[in-house]
Amino acid sequence: MCPWTQGARRFVDYRSHVTGISNQLLSQRLRELEVHQLIERVVVPSTPVQVLYRPTERGSSLMRVLHPLIEWSATHDG
């Protein structure tokens, strides 16, 4: 299942599901999603510091619309 439909996730969770891009580019894309208020970056004060990304209400509502398209694409691939 996609990490972005599962609530707060770490960078490594996204990294394991998104292939073909560098860590730098993934970080840039996460920042862009944050700027567009689709995700929020949460810093958990721990040792070591943990950074989580979780969907905002706006991001969650977008995923509710996109999810049927993702499912359709998966069943009609190829």
**Prompt:** Quick one: salt bridge (Lys or Arg N to Asp or Glu O under 4.0 Å) pairs with a partner in residues 59-70, sequence neighbours left out?
**Reply:** E57-R64
**Prompt:** Are any non-hydrogen side-chain atoms of L30 and E34 less than 4.5 angstrom apart?
**Reply:** no
**Item:** F11 side chain reached by V51 side chain, heavy atoms, under 4.5 Å
**Value:** no
**Prompt:** Under 4.5 Å between side-chain heavy atoms, hopping through other hydrophobics if needed: is there a path connecting L66 to L38?
**Reply:** yes
**Message:** According to a hydrophobic-cluster definition based on side-chain heavy atoms being under 4.5 Å apart (Ile, Leu, Val, Met, Phe, Trp, Tyr only), do M63 and V42 belong together?
**Reply:** no
**Asked** Can you check side chain to side chain contact (heavy atoms under 4.5 Å, CB included) on L25 and R29, steps first, answer last?
**Response** CA-CA 6 Å; L25 184 56; R29 295 298 181 247; 3.6 Å; yes
**Set of side chain to side chain contact (heavy atoms under 4.5 Å, CB included) partners for R10, sequence neighbours left out** = V12, D13, Q50, L52
**Prompt:** Side-chain donor-acceptor pair under 3.5 Å between H36 and E32, yes or no?
**Reply:** no
**Message:** Could you measure the distance from the OH atom of Y14 to the CD1 atom of I39? Nearest 0.5 Å is fine.
**Reply:** 5.5 Å
**Asked** Take atom CD in Q24; do more than 12 heavy atoms of anything else shown fall under 6.0 Å from it?
**Response** no
**Item:** Whether over 12 other heavy atoms sit under 6.0 Å from R15 CZ
**Value:** yes
**Item:** Donor-acceptor under 3.5 Å (S73 side chain, L69 main chain)
**Value:** no
**Complete:** In short, E40 meets T56 closest at the heavy-atom pair N-CG2, 3.9 Å
**Message:** Quick check: closest heavy atoms across V43 and V49, and the distance to 0.1 Å?
**Reply:** CG1-CG1, 3.3 Å
**Prompt:** With sequence neighbours left out, what residues match R31 under salt bridge (Lys or Arg N to Asp or Glu O under 4.0 Å)?
**Reply:** none
